[in-house]
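Both backbone and side-chain heavy atoms feed into the values below; hydrogens, waters and symmetry mates do not.
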Amino acid sequence: MEAADKMDDNEWNYHGEGNKSLVVSHVQMSRVLRLLKYSSEDAENAPQTTEEAFRQMENIVDFSNNVMSPLLGDKFVHSGEVVKLPLEFVRQLSIKVQHQRPAWRCDKVMDIYSGAALCLPNLTAPSIQTHTPPLCIEIKPKCGFLPSPEHVSKDIKTKVCRYCMHQQYKVANGKWKRKSLYCPLDLFSGNKQRMYFAIKHLIEEPQNNFKIFKGGQCIHGDRDELLSVSSLLQKLRPYFTCGNGRNKVVLHDFIQVLVDSLLSSDEEGDEGVEREGRTVCEASLCSTELIRTGPQPLPRDSVLGRILQVQLLDSLDIEGLFPLYRRVEQYLHHFPKERSRLQIDGPYDKAFLEKLQKCPREDDGSIEYAVAKVQQYRIAMTAKDCSIMVTLVPRRDEEDGTFSFSASILDLDPKPQDSVRRQQRLDHHVVAAYLRDDPGPRPPLYPECTLLIHPV
């Protein structure tokens, strides 16, 4: 990265943002800077000191390196490095990007006080010399399994996935205009036909869960001007000309390549992730014919398989976990100095992960058991909220429509301890709203449709 004293805001552009950070990308180098965000109520005064901001960034890197990377696989994780930026550069950058931000994200402002940032590779614009710009697809897959009936109080939670229930809640509260038909259980099914329809629904209604980049520029995403499927297919057509350029063929071939990328595994004889209970969400619009084929193995070493295994650390659901969370909070209330020994807020080192991996299966009544289960839940929440970036690079010397590909996992911040209480409240509201407004079972959207997967 360029020297700190030579930073020029004209060389950086708005790239995107999440709930807690904003990202800018360099116009030439394949680099991004990730900066913290605060509530707009704190715009005039920094809510934390410079030292605390840097500690937060270092925690993110340590958590990624020492916890998520061993669990998800080194080949998928890019942890980045913490850098200190000139404050004048950060302030000018904040002014420059403000008008480019989505209106619904502007309830928070960029941190202009600390100069703390995370420098990462720009995975939407890989530094690869190709005759055609690489395609990069960002997916937020969300939670790919249903909880065990042993730990939930409402039977609907074992039949309808959290994402599908939350969609109804968000539309009712005005967060989104339309409900997405995407269901994470279809994407994580390992069944190529169910995965096809899951990705097709993401393309049709991406919200903030799906984006496509071409040469570093977003060509399909959550902004109104980037929602046209026909416009997207026009931009994808040069990559898939072997089918006479027809829209349906371009869409089919693109999704097929993406499905293959998500299922790719380096392990021979990969038997798949072990799963218990239902693997089908009642709210999914996939046909009963597709579902009747039964669950397919999801390769353990695929990017989706790795993510699902970490998500499954949430073995109790928030309802089964919350009594353990209360045990921890009561203990810390009486013994606040124990917070450091128990590593509630880190440090996220190798010892932190070892404690979780040694957690006994049964509750022995100890505070250590309760802490370990809460930490496992927090890690699972990170995996449920992560993003996948698939990079497709066209192969020049082979037939049209063939790609080399790679996958990375992003957005791996540790979830704070108090997020557990927020999740418990949100779970209650989402389930109650769904039960109140549930229209009942819906007919499949594709009742007699059969998808043929051909080699690409």
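- Checking Ser284 against Asp186 by side-chain atom types alone, a donor-acceptor pair falls below 3.5 Å.
- In this structure, Asn173 contributes its side chain and Tyr169 its backbone to a donor-acceptor pair below 3.5 Å.
- Between the Ser39 side chain and the Lys108 main chain, no donor and acceptor come within less than 3.5 Å of each other.
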Stepwise, does the side-chain contact (heavy atoms from CB on, under 4.5 Å) test hold for Asp363 with Arg327? CA-CA 12 Å; Asp363 186 359; Arg327 184 193 300 176; 2.7 Å; yes
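- Counting only distance, with no hydrogens or angles, the side chain of Ser64 and the backbone of Val61 share no donor-acceptor pair below 3.5 Å.
- Contacts of Arg306 classified as salt bridge (charged side-chain N to carboxylate O under 4.0 Å, His left out), with partners at least two apart in sequence or in another chain: Asp301.
- Judged purely by atom type and a 3.5 angstrom limit, Gln311 has no side-chain atom pairing as donor or acceptor with the backbone of Thr382.
- Applying the side chain to side chain donor-acceptor pair (under 3.5 Å) rule to Lys373 yields the partners Ser315, Gln376; only residues at least two apart in sequence or on another chain are considered.
- Panel note: side chain His220, backbone Ile203; a donor-acceptor pair is recorded below 3.5 Å.
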Can you check side chain to side chain donor-acceptor pair (under 3.5 Å) on Ser153 and Glu319, steps first, answer last? CA-CA 8 Å; Ser153 60; Glu319 292 187 64; 2.7 Å; yes
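- With sequence neighbours excluded, the residues satisfying salt bridge (charged side-chain N to carboxylate O under 4.0 Å, His left out) with Asp314 are Lys384.
- Residues passing the side chain to side chain donor-acceptor pair (under 3.5 Å) test with Thr158 are Asp155, sequence neighbours excluded.
- Scored by the salt bridge (charged side-chain N to carboxylate O under 4.0 Å, His left out) test, Asp427 finds Lys157, Arg162 as partners (sequence neighbours excluded).
- Counting only N and O atoms by type, the side chains of Arg105 and Asn19 include no donor and acceptor under 3.5 Å apart.
- With sequence neighbours left out, the side chain to side chain contact (heavy atoms under 4.5 Å, CB included) criterion links Val23 to His15, Val32, Arg34.
- Between Pro184 and Pro141 the shortest heavy-atom distance is CB-O, 3.3 Å.
- In this structure a side-chain-to-backbone donor-acceptor pair under 3.5 Å is missing from Glu11 to Gln28.
- In this structure, the side chain of Lys159 does not engage the main chain of Cys281 through any donor-acceptor pair within 3.5 Å.
- The local environment of NZ in Lys154 is sparse, with at most 12 non-hydrogen atoms from other residues, nucleotides or ligands closer than 6.0 Å.
- Cys106 pairs by the side chain to side chain contact (heavy atoms under 4.5 Å, CB included) definition with Gln98, Arg101, not counting sequence neighbours.
- Nearest heavy-atom pair across His201 and Ser180 is O-OG, 4.5 Å.
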Checking side-chain contact (heavy atoms from CB on, under 4.5 Å) for the pair Met195/Leu304: CA distance, chi angles, key distance, verdict? CA-CA 11 Å; Met195 293 177 71; Leu304 286 176; 3.7 Å; yes
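- Of the possible polar contacts, none joining the Ser265 side chain to the Pro299 backbone as a donor-acceptor pair under 3.5 Å is found.
- Between the side chain of Gln309 and the main chain of Gly305, a donor-acceptor pair closer than 3.5 Å is present.
- Nearest heavy-atom pair, Ser404 versus Arg395, reported as atom, atom and distance to 0.1 Å: N-NE, 3.6 Å.
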Test Asn208 against Trp176 for side-chain contact (heavy atoms from CB on, under 4.5 Å), laying out the working first. CA-CA 10 Å; Asn208 62 336; Trp176 299 114; 3.5 Å; yes
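- Taking a cutoff of 4.0 Å between a charged side-chain nitrogen and a carboxylate oxygen, Glu17 and Lys37 qualify as a salt bridge.
- The two residues Cys183 and Cys161 have their closest heavy-atom pair at SG-SG, 3.9 Å.
- No side-chain heavy atom of Leu251 sits less than 4.5 Å from a side-chain heavy atom of Val249.
- Taking Gln424 as the reference, Ile318, Phe322 meet the side chain to side chain contact (heavy atoms under 4.5 Å, CB included) condition, with sequence neighbours excluded.
- From Lys211, atom NZ reaches atom CE of Met389 across 8.5 Å, with rounding to the nearest 0.5 Å.
- Closest non-hydrogen pair, Leu123 versus Ser408, comes out as CD1-CB, 3.6 Å.
- The CD1 atom of Ile137 sits 7.5 Å away from atom OG1 of Thr391, with the distance rounded to the nearest 0.5 Å.
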Checking Phe403 against Phe240 for the ring-ring contact (aromatic ring centres under 6.0 Å, His included) test, could you report, in this order, the C-alpha distance in whole Å, the side-chain angles of both residues, the deciding distance, and whether it holds? CA-CA 11 Å; Phe403 299 83; Phe240 303 96; 5.4 Å; yes
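- For the side chain to side chain contact (heavy atoms under 4.5 Å, CB included) test, residues two or more places apart in sequence or in another chain that qualify with Asp74 are Ser69.
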For Tyr14 and Leu22: C-alpha separation, side-chain torsions, deciding distance, then whether side-chain contact (heavy atoms from CB on, under 4.5 Å) applies. CA-CA 8 Å; Tyr14 176 82; Leu22 182 146; 4.0 Å; yes
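- The closest donor-acceptor contact from the side chain of Arg378 to the backbone of Lys415 lies under 3.5 Å.
- Scored by the side chain to side chain donor-acceptor pair (under 3.5 Å) test, Lys96 finds Asn13 as partners (sequence neighbours excluded).
- By the 30° and 60° cut-offs, the orientation of the rings of Phe352 relative to Phe63 is perpendicular.
- Tested against Leu262 for a side chain to side chain contact (heavy atoms under 4.5 Å, CB included), the candidates Ile199, Val257, Ile307, Leu298 yield a single pass: Ile199.
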Any chance you could lay out the side chain to side chain donor-acceptor pair (under 3.5 Å) test for Ser387 and Asp411, step after step, and finish with the verdict? CA-CA 6 Å; Ser387 298; Asp411 302 331; 2.6 Å; yes
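- For the ring pair (Phe, Tyr, Trp, His ring centres under 6.0 Å) test, residues two or more places apart in sequence or in another chain that qualify with Tyr163 are Tyr182.
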Run the numbers on Gln48 and Gln56 for side chain to side chain donor-acceptor pair (under 3.5 Å), then give the verdict. CA-CA 10 Å; Gln48 59 182 359; Gln56 182 179 346; 3.0 Å; yes
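- Other residues, nucleotides and ligands contribute over 12 non-hydrogen atoms within 6.0 Å of the CD atom of Glu267.
- Between Asp317 and Pro147, the shortest heavy-atom contact is OD1-CB, 3.8 Å.
- Legend: residues meeting salt bridge (charged side-chain N to carboxylate O under 4.0 Å, His left out) with Asp418, ordered by chain and number and at least two apart, are Arg422.
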Would you check, one step at a time, whether the test side chain to side chain donor-acceptor pair (under 3.5 Å) holds for Ser79 with Asn65? CA-CA 6 Å; Ser79 299; Asn65 273 329; 2.8 Å; yes
